[in-house]
Protein chains: 2
Amino acid sequence: MDELDSAIIRNLQLDARLTNRELARRLGIAPSTCLERVRALRDRGVIKGYHADVDLSALNRPVQAFVAARLRPMSRAVIDNFKAAIGALPEVTAMYVVAGDDDFLIHLAVPDLEHLHAFLIDRLSERREVISFRSSVIYESIRNPVLTELPG
Amino acid sequence: MDELDSAIIRNLQLDARLTNRELARRLGIAPSTCLERVRALRDRGVIKGYHADVDLSALNRPVQAFVAARLRPMSRAVIDNFKAAIGALPEVTAMYVVAGDDDFLIHLAVPDLEHLHAFLIDRLSERREVISFRSSVIYESIRNPVLTELPG
DNA sequence: AGACCAGCCGAACTTAATTCGCGCATGCCT
DNA sequence: AGGCATGCGCGAATTAAGTTCGGCTGGTCT
């Protein structure tokens, strides 16, 4: 992980479809060298994959929300079961198992508030292990590229 | 947005570096046709970009957390200022302006709990407009590909 | 010093992206 | 119904990119 690797990661985070040649040109190295570096990063698992960023509104799912849920009991069986069941729902775009006031944080993308409400009632309230939840509609999302270095 | 477009999106969400030929082969269409479709999706903004998914642990930032913050007053000036200031911090990987109990949800990636604590003390507590916050360390993250169709 | 190793380079080759003119189907107008 | 325009997909030809590999260089260990 030298400065070259960091630069590669920075570039591919912003545009994963950069051609190898263009990436090499930006870094001032030969395409073959660049290719080898990128391959090594993938093999080492530093780069886990490449994903298209899709506009959820264009897919008729303009309403996004976080739902924080609390579960009881917090046994492995309950957690695994909940993860599998909720993760299989198409409305769910991400799920986080967290410490703190809540146990799960669920990110949703749905067509409208009615769908959100229906999800809460039909998918969460229905479940015995869910003892409470709070939902937060998302007004705005901002994503930051992850710089490798943490100054300070 | 027909079934072909949906299939393209589904495939590129999983692997944005699929070659156009391979994508065309999977869909059973000609590479030139496929290229035209993908280009149209980008031009229409349905595909917003392509991003490398980087392993945060490999970048020496294995600890992730959500921080929910409440601000006062919720004036545009305060919000915009807070967004700009927090979004510029390298620890921050994403930020959400939300309705509900909290006003902001901040996603962090840091090297260890000490850094997380330092962030909370030095970056959030310091700010006058932050009247309270809660942090939740993330035990596990699960991402779901966004299917275009919402069955039901 | 000599030998080794790792990493980078660039030319040669293979594969893919891209362009463009053709043909087919669909729907519309007369 | 016939003719016509339009949109869409196709495939061959061209351009560009990905990939391999042998050799060079600079640093290191003995």
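Sequence lines set the chain letters: A, B, ... in the order given, protein chains first and strands last, and positions in each chain run from 1.
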*So does B/D55 pair up with A/R44, basic N to acidic O under 4.0 Å?*
no
*A/H107 and A/Q64: side chain donor to acceptor below 3.5 Å*: yes
_Distance check needed: C/dA16 P versus B/R25 CZ, whole Å only._
11 Å
*Centroid-to-centroid, A/F66 to B/Y96, below 6.0 Å?*
yes
*Start with the C-alpha distance between B/I86 and B/M95, add both sets of side-chain angles, then the distance that settles side chain to side chain contact (heavy atoms under 4.5 Å, CB included), and finish with yes or no.*
CA-CA 8 Å; B/I86 299 300; B/M95 235 170 27; 3.6 Å; yes
*asked:* Using whole Å, what does the distance between atom P of nucleotide D/dA16 and atom CG of A/N20 come to?
replied: 17 Å
*Which listed nucleotide (D/dC10, C/dC8, C/dA17) is nearest to the side chain of B/I29?*
D/dC10
*Starting at the 5' end of DNA chain D and moving along, which residue's nearest nucleotide shows up first, B/R17 or B/D2?*
B/D2
*Gap between atom OG of A/S75 and atom CD of A/E129 - 0.5 Å precision*: 9.0 Å
*Residues from residues 31-54 of chain B sitting under 4.0 Å of DNA chain C, heavy atoms only?*
B/S32, B/L35, B/R39
Protein-nucleotides 12-15 of chain C N/O pairs closer than 3.5 Å?
none

*Rounded to the Å, how far apart are A/D5 CG and C/dA6 P?*
16 Å
*Is there a side-chain contact between B/D5 and B/R37, using heavy atoms and a 4.5 Å cut-off?*
yes
*Heavy-atom donor-acceptor pair, A/R17 side chain to B/A16 backbone, under 3.5 Å*: yes
*Under 3.5 Å, side chain of B/N144 to main-chain N/O of A/A94, donor-acceptor pair present?*
no
*Check whether any side-chain heavy atom of A/R10 lies under 4.5 Å from a side-chain heavy atom of A/P145, and answer yes or no.*
no
*What does the inter-axis angle of the helix from C/dA1-D/dT30 to C/dT30-D/dA1 come out as, five pairs per end, nearest 10 degrees?*
20°
*asked:* Can you tell whether the side chains of B/E140 and A/K83 come within less than 4.0 Å, N to carboxylate O?
replied: yes
*Grab the CG-P distance between B/L23 and C/dA16 for me, whole Å please.*
13 Å
*asked:* With a 4.5 Å cut-off on side-chain heavy atoms, are B/L27 and B/T33 touching?
replied: no
